[in-house]
Amino acid sequence: MERRLRDMLVDVLSGLGISAGNIEIEVPKDASHGDFSTPVAMVLSKQLKKSPKMIAEDIKNRISDSNIFDSIEIAGPGFINFRFSKKFIVSQMKELMSGGDRFLTENIGRGKRIQIEFVSANPTGPMHLGHGRGAAVGAALANLLSAAGYSVEKEFYINDAGRQVKMLGHSVFAKYVDELVNKGHSPYDPSWKTGYPFPEDGYRGDYVEELAKEFKDEYGERFVAREFDEVSETVIDFAYRKMLDLIKKDLADFGVHFDTWQSEKEIHEQNEVQQAIDDLRGRGFIYDNDGAVWFKSTEFGDDKDRVVVKNDGDYTYFAPDIAYHRKKILRGFDELIDIWGADHHGYVPRMQAVIQALGHPKDSLKVILVQMVSLLKAGRPVQMSKRAGEFITLREVMDDIGPDTTKFLFLTRRSDSHLEVDIEVAKAQSSENPVYYVQYAHARINSIFAKATENSPQSSAGSRDLTDFNGELFNDEEVKIIKKMLLYPMVFKNAALAREPHRITFYLQEVAGMFHPYYHRHKVVTEDTELTKARLALCYAVKTVLRHGLGILGVTAPEKM
RNA sequence: GCGCCUGUAGCUCAGUUGGAUAGAGCAACUGCCUUCUAAGCAGUGGGCCAGGGGUUCGAAUCCCUUCAGGCGCGCCA
């Protein structure tokens with residue numbers, strides 16, 4: 001619907017010899033201002049040195065097709081308001097019904113390759129709610145962009161090298177030794193009776209003890225008298241792999257799937273970190289100073305240059321990140337999207353500097369920041385500390401309120417707004433939750449069709465063409481609902497362009513908010529076969545849109561509830 | 001001290017990238033199940049868009065400033 005109007009306006013303006021840039025088309029808040037409205041005449045006023053109203057008149061006079069519009073009015077300071085004819089609305093509705101995805105979506109990606117990296121939780125513990133939010137947003141965004149014609153790859157970056165996993169291994173090792181020593185199983189060194197020293201910044205959750213037990217089951221007493229450094233590789237690998245398995249399981253149960261899992265360790269092993277630094281050096285963005293190696297990120301707007309190799313010869317954490325992003329670029333993606341916790345926002349400039357230093361435009365890396373999730377329990381904030389092992393996991397919440405509700409919760413907010421989740425409320429919400437409102441509309445429609453089939457099997461969906469109905473029978477309320485359905489392509493396109501899946505969520509709530517009252521007021525399946533056909537068609541259109549939208553969000557569209 | 005994010009109804013949040021008279025959902029109160037599902041419907045109340053200045057035909061939206069909250073500012077990861 002919006003597409004048709006846009007094409008028309010572009011034609012008209014070029015007919016008037018005006019090269020219009022981006023024509024704004026909007027849905028007026030006030031229905032008396034028509035179905036669509038454009039301020040384009042006002043925007044052009046300065047450039048053309050004519051009054052907005054005169055320009056609006058010129059545009060209006062050039063639009064000839066009266067079958068499409070009931071009225072075109074010039075209002076206010078120069079808005080042009082369009083109201084579509086019922087005939088056009090119905091014809092569009094039929095296209096929606098038969099066209100499916102082709103009608104609902106728009107191919108704005110044209111096969112461009114996008115990689116979305118998200119979650120990438122350190123394999124040092126279970127995922128918390130913040131990770132869940134990232135997972136929900138990333139997966140929905142991937143669905144959205146891939147429906148919009150992009151070729152999307154979803155990647156999880158595994159931080160399996162470096163300090164964090166080492167610390168996990170160390171923590172597990174300490175618990176492992178303790179476990180054996182406490183049970184008198186240490187035949188080697190009596191001095192350890194006091195226990196193996198637990199690392200200062202070690203991980204302390206219950207899961208660490210669990211890992212220690214599993215490690216003991218696997219390796220017995222073999223390592224009990226050793227120093228951590230001697231056996232670190234075995235312990236670290238064992239621990240983080242277990243954690244990674246857990247993360248994978250949680251994600252799978254959450255309904256989030258990845259195409260690729262990139263290991264940081266592998267990047268080191270392939271010598272890609274050094275290659276990346278050499279590459280940047282070759283491009284003139286690396287220099288040596290004070291015994292360290294620096295990246296000239298200030299060249300691209302960062303606050304200060306960043307060290308990549310410390311004067312003790314070790315890489316900083318930043319170095320493998322450079323290599324990782326270089327690798328992404330070398331793999332030929334047209335656009336990279338990173339979804340990070342908002343606490344990492346300080347790294348955006350330096351990462352974009354890397355992208356530019358490697359010869360790519362700044363905006364070929366888009367970083368979406370997902371704000372932290374703060375937890376409340378019955379209105380009181382819950383303090384969370386990963387170190388102390390006190391935090392609410394995604395698993396707990398997901399098991400309590402279900403993956404659909406959890407995802408919906410995360411997708412009803414802009415990703416960069418702070419999110420408060422009250423565990424008690426979220427649990428209690430189980431039957432008064434927005435997600436059910438939307439899903440229920442879908443399930444209801446399904447049972448209407450079941451009823452229709454029961455009444456008259458030969459005229460049920462599937463056995464006849466649902467688009468065969470008389471659109472003149474629609475009342476005002478029905479036309480309003482149909483118009484709302486016809487807005488889906490625009491909402492979809494704008495959500496994809498803005499990379500903001502939450503727009504779909506809000507739209508779906510509005511759709512359900514129109515359908516439930518309608519359902520209550522009007523019986524769909526009646527003795528009047530013609531009216532029934534028309535209303536079933538409307539239901540089908542609503543169902544089509546709900547299904548598609550929920551699909552983007554990664555939320556199920558149940559047939560029954 | 002510097003930078004980023006946020007500030008909209010009692011609460012949680014939208015607000016179509018600068019559009020016309022500011023929107024939902026919870027919570028509160030009042031009604032509605034002999035019907036294609038009451039996880040629903042109908043109704044009521046609720047606002048200095050944190051404050052101030054500016055930009056223009058037009059500002060919750062852009063700029064400046066003040067205030068409040070969060071986060072980040074290492075040759076830590």
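Below, chains carry the letters A, B, ... as their sequence lines are ordered, and counting in each starts from 1.
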Check: So does A/Arg3 pair up with A/Asp7, basic N to acidic O under 4.0 Å?
Finding: no
Checklist line | Under 5.5 Å and under 30°: A/His33 stacked on B/A20 | finding: yes
Margin query: Rounding to an integer number of Å, can you tell me how far A/His516 NE2 sits from B/A24 P?
Written below: 16 Å
Notebook entry, point to check: In the structure shown, which nucleotide is the Watson-Crick or G-U wobble counterpart of B/G40, with both distances under 3.5 Å?
Noted result: B/C32
Next item on the list: Answer yes or no: does a side-chain N or O of A/Lys29 lie under 4.0 Å from OP1 or OP2 of B/A20?
Entry: yes
Note to self: Just to be sure I understand the rule, does A/Pro517 reach a base, reach only the sugar-phosphate, or reach nothing, if contact means heavy atoms closer than 4.0 Å?
What the structure shows: sugar-phosphate
Checklist line | A/Arg503 side-chain N/O to B/U17 phosphate OP1/OP2 under 4.0 Å | finding: no
Next item on the list: May I ask you to evaluate whether A/Lys310 reaches the phosphate of B/C75, defined as a side-chain N or O under 4.0 Å from OP1 or OP2?
Entry: no
Notebook entry, point to check: Do the side-chain N or O atoms of A/His418 get closer than 4.0 angstrom to the phosphate oxygens (OP1, OP2) of B/C4?
Noted result: no
Notebook entry, point to check: Does A/Tyr347 have a side-chain nitrogen or oxygen under 4.0 Å from the phosphate oxygens OP1 or OP2 of B/A77?
Noted result: no
Note to self: I'd like to know if A/Asn81 reaches the base of B/A20 with its side chain such that a donor and an acceptor end up less than 3.5 angstrom apart.
What the structure shows: yes
Check: Applying a 3.5 Å limit to both distances, which nucleotide forms a Watson-Crick or G-U wobble pair with B/G3?
Finding: B/C71
Check: Taking NZ, NE, NH1 and NH2 as the nitrogens, is one of them in A/Asp35 or A/Lys483 under 4.0 Å from a carboxylate oxygen of the other?
Finding: yes
Next item on the list: Answer with base, sugar-phosphate or nothing: what part of the nucleic acid does A/Gln439 contact at a heavy-atom distance below 4.0 Å?
Entry: nothing
Next item on the list: Could you tell me whether the phosphate oxygens of B/A39, OP1 or OP2, come under 4.0 Å of any side-chain nitrogen or oxygen in A/Arg444?
Entry: no
Contacts under 3.5 Å, N or O only, protein and nucleotides 27-33 of chain B:
from  : atom 1 : to       : atom 2 : distance (Å)
B/A27 : OP1    : A/Glu432 : OE1    : 2.5

Margin query: Between A/Arg503 and A/Glu500, does any side-chain N to carboxylate O distance fall below 4.0 Å?
Written below: yes
Checklist line | Whole-Å C1' distance, B/G3 and B/G74 | finding: 16 Å
Note to self: Using a 4.0 Å heavy-atom cut-off, does A/Phe79 contact any base of the nucleic acid, only the sugar-phosphate backbone, or nothing at all?
What the structure shows: base
Next item on the list: Would you classify A/Ala443 as touching base, sugar-phosphate or nothing, given that sugar-phosphate means primed atoms plus P, OP1 and OP2, and contacts are heavy atoms under 4.0 Å?
Entry: base
Checklist line | Nucleotide forming a Watson-Crick or wobble pair with B/G58, both distances under 3.5 Å | finding: none
Check: At under 4.0 Å between heavy atoms, what does A/Ser417 touch on the DNA or RNA strands: base, sugar-phosphate, or nothing?
Finding: sugar-phosphate
Margin query: Does atom NZ (A/Lys166) have a neighbourhood of more than 12 heavy atoms from anything else shown, all under 6.0 Å?
Written below: no
Check: According to the salt bridge (Lys or Arg N to Asp or Glu O under 4.0 Å) rule, which pairs have a member within residues 434-443 of chain A, sequence neighbours left out?
Finding: none
Note to self: B/G74, OP1 or OP2 - any side-chain N/O from A/Arg306 closer than 4.0 Å?
What the structure shows: no
Checklist line | Separation of B/U35 C1' from A/Asn455 CG (nearest whole Å) | finding: 12 Å
Note to self: Does a side-chain N or O of A/Tyr518 approach OP1 or OP2 of B/C36 to a distance below 4.0 Å, or not?
What the structure shows: no
Notebook entry, point to check: When we call it a touch if two heavy atoms are under 4.0 Å apart, what does A/Asp343 touch: a base, just sugar-phosphate, or nothing?
Noted result: sugar-phosphate
Note to self: It should be established whether A/Lys53 places a side-chain nitrogen or oxygen under 4.0 Å from OP1 or OP2 of nucleotide B/C57.
What the structure shows: no
Next item on the list: In plain terms, say whether A/Arg535 and A/Glu530 are close enough for a salt bridge, that is, a side-chain N and a carboxylate O under 4.0 Å apart.
Entry: no
Checklist line | Between P of B/C13 and CZ of A/Phe408, the distance in whole Å | finding: 15 Å
Next item on the list: Write down the partner of B/G10 under the Watson-Crick or G-U wobble criteria, each distance required to be under 3.5 Å.
Entry: B/C26
Notebook entry, point to check: Would you call A/Glu478 and A/Arg521 a salt bridge, taking side-chain N to carboxylate O under 4.0 Å as the test?
Noted result: no
Check: Under 3.5 Å, is there an N or O donor on one side and an acceptor on the other linking the side chain of A/Ser37 and the base of B/A20?
Finding: yes
Notebook entry, point to check: Quick one: salt bridge (charged side-chain N to carboxylate O under 4.0 Å, His left out) partners of A/Asp422, sequence neighbours excluded?
Noted result: none
